[in-house]
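Structure, as structure tokens:
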Amino acid sequence: MQITLNGQLQNIENSKTVADLLEELQIAHKKTVVERNGTIVIEEFHEREGLMDGDRIEIIHFVGGG
Amino acid sequence: MLNIGNMTFESNLFLGTGKYKDAKTQLQAVEASETEVLTFAVRRMNLFDSSQPDPFEQMDVSRYRLLPNTAGAKTAEEAVRTAKLAEAANMCDMIKVEVIGCDKTLLPDPVETLRASEELLNEGFTVLAYTSDDVVLARKLQELGVHAVMPGASPIGTGLGIINPYNLSHIIEQAEVPVIVDAGIGSPKDAAYAMELGADGILLNTAVSGAGDPVKMAEAMKLAVRAGALGAEAGRIDKKFYAQASSPLGGLSI
């Protein structure tokens with residue numbers, strides 16, 4: 001399955017859900033927010049939010065700023 | 001004591017988390033400042049670089065009220081999206097609406113700032129609007145219902161201090177919500193001066209993170225904000241053109 005992940009085309013083989021994807025990327029332990037096709041997927045829905053070919057996934061986090 | 005929305009703060013100093021040389025220095029500076037509010041930014045994660053620093057790596061964020069900014073937004077829509085992302089991660093007690101309209105000065109776009117503030121107020125956010133030192137714009141933001149106005153002392157990161165104390169004084173005089181002076185603070189005297197003018201608080205970042213000794217500067221800013229607030233409460237003397245002796249003129253022995 002091919003998705004656009006933070007602006008880059010990526011082949012994802014092992015992830016069926018948002019939760020799987022965060023595990024595959026080894027960032028499940030980090031504080032992040034996920035958007036799937038422009039809509040926020042809150043954490044409690046990560047396990048049931050399925051991924052589909054062509055999805056646009058954005059993974060957002062928090063950085064230093066003023 | 002500072003009240004914003006339904007929150008109350010003992011400290012009048014809000015601190016940004018950008019540009020510290022390392023996490024340990026940031027942690028110590030935050031401690032030394034005794035701030036209760038931390039500001040930070042919301043960004044797309046760089047998934048292909050695991051070395052990215054996490055500003056809250058060693059921090060217990062539950063001890064602080066979190067004030068993410070919408071920096072990076074150039075339109076109201078982008079600012080609203082950023083705020084919603086922060087809220088979805090439970091990282092948003094208040095939102096700093098920051099919509100930049102000029103790349104050179106980083107001055108805010110007044111129209112987009114108003115639009116973003118209105119939308120976020122409708123969505124139930126506690127909105128702190130970063131604005132220029134424009135008196136009318138500050139009033140319009142207040143009329144919209146923002147929970148605090150945050151006029152810049154001078155452009156972000158310049159350290160030029162308060163370049164228009166006249167405008168700032170008018171913003172403070174007309175304010176019915178807290179005025180947090182945000183951006184441009186260079187040294188403790190600027191923070192003290194803003195508080196003496198009657199500001200309710202100070203938000204700064206580079207003045208501490210970029211200082212020679214950020215931890216010491218954080219403490220200096222804490223004391224300056226306190227000194228300025230006390231001075232404003234105490235009421236300063238009028239300025240006079242001619243000298244007025246402090247010692248009595250009578251009883252001279254010579």
Side-chain angles (χ1 to χ4, degrees), chain A, chain B residues 14-23 26 38-50 52-57 59 61 66-72 81-92 96 98 106 130 150 156-157 182-185 203-210:
Chain A
M1 163 165 64
Q2 197 171 55
I3 64 171
T4 304
L5 181 58
N6 284 9
Q8 292 195 26
L9 276 178
Q10 294 284 315
N11 282 310
I12 300 292
E13 301 304 333
N14 304 318
S15 296
K16 291 190 168 54
T17 65
V18 167
D20 295 343
L21 180 64
L22 295 178
E23 286 291 344
E24 187 175 340
L25 295 168
Q26 299 180 347
I27 55 170
H29 62 289
K30 295 193 174 180
K31 193 83 174 171
T32 56
V33 198
V34 178
E35 275 181 337
R36 175 169 174 253
N37 300 325
T39 304
I40 293 172
V41 183
I42 60 171
E43 197 174 350
E44 59 183 289
F45 293 151
H46 282 185
E47 289 194 5
R48 54 186 125 138
E49 185 80 8
L51 297 176
M52 285 170 63
D53 196 48
D55 272 354
R56 282 179 298 110
I57 302 291
E58 286 285 323
I59 301 178
I60 309 294
H61 71 151
F62 304 96
V63 301
Chain B
F14 296 1
L15 206 59
T17 54
K19 300 190 284 190
Y20 283 88
K21 67 173 195 265
D22 54 59
Q26 178 183 306
L38 294 176
T39 304
F40 51 92
V42 181
R43 287 287 178 275
R44 174 188 265 180
M45 198 172 203
N46 186 344
L47 298 166
F48 313 101
D49 174 13
S50 58
Q52 280 192 117
D54 173 355
F56 304 117
E57 195 182 335
M59 297 186 97
V61 291
L66 302 179
L67 175 62
N69 64 38
T70 66
R81 172 181 175 239
T82 303
K84 287 181 176 174
L85 287 165
E87 191 192 36
N90 258 330
M91 295 281 282
C92 187
K96 170 177 163 175
E98 177 177 355
L106 297 181
Y130 168 62
M150 302 210 292
I156 297 168
D182 174 13
I185 299 290
L203 195 169
L204 53 83
N205 184 347
T206 313
V208 165
S209 66

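Within every chain, numbering begins at 1; the chains are lettered A, B, ... in the order of the sequence lines, protein sequences first and strands thereafter.
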Flag the one option from [options] with the top tally of heavy-atom pairs under 4.5 Å to chain A.
options                       : answer
B:T206, B:L85, B:N205, B:L203 : B:L85
B:G18, B:G16, B:A41           : B:A41
B:I156, B:L38, B:L15, B:T39   : B:T39

Are more than 12 heavy atoms from other residues, nucleotides or ligands located less than 6.0 Å from atom CD of A:Q10?
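Yes.
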Looking at A:T32, A:N6, A:I60, which makes the most heavy-atom pairs under 4.5 Å with chain B?
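Among the listed options, the one with the most contacts to chain B is A:N6.
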So do the side chains of A:Q2 and A:L9 get within less than 4.5 Å of each other, counting heavy atoms only?
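Yes, close enough: below the 4.5 Å cut-off.
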Between A:I42 and B:A88, what is the shortest heavy-atom contact and its length?
CG2-CB, 4.4 Å
Testing the basics here: between A:V63 and B:T17, what is the closest heavy-atom pair and its distance to 0.1 Å?
O-OG1, 4.3 Å
Residues 9-23 of chain A vs salt bridge (Lys or Arg N to Asp or Glu O under 4.0 Å), sequence neighbours excluded, gives none
Which residue pairs pass the salt bridge (Lys or Arg N to Asp or Glu O under 4.0 Å) test with at least one member in residues 52-63 of chain A, sequence neighbours excluded?
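Qualifying pairs, neighbours excluded: A:R36-A:D55, A:E58-B:R44.
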Against chain B, label [X] side chain, backbone, both or neither, depending on which of its atoms sit under 4.5 Å from a heavy atom there.
X     : answer
A:I59 : both
A:E44 : neither
A:Q26 : neither

Given a strict heavy-atom distance threshold of 4.5 Å, which part of [X] is in contact with chain A: side chain, backbone, both, or neither?
X     : answer
B:Q26 : neither
B:A86 : both
B:K96 : side chain
B:A71 : neither

A:E24 and A:S15: side chain donor to acceptor below 3.5 Å
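Result is yes, a qualifying pair exists.
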Please assess B:V42 against A:F62 for the test side chain to side chain contact (heavy atoms under 4.5 Å, CB included), listing each intermediate value before the final yes or no.
CA-CA 5 Å; B:V42 181; A:F62 304 96; 3.8 Å; yes
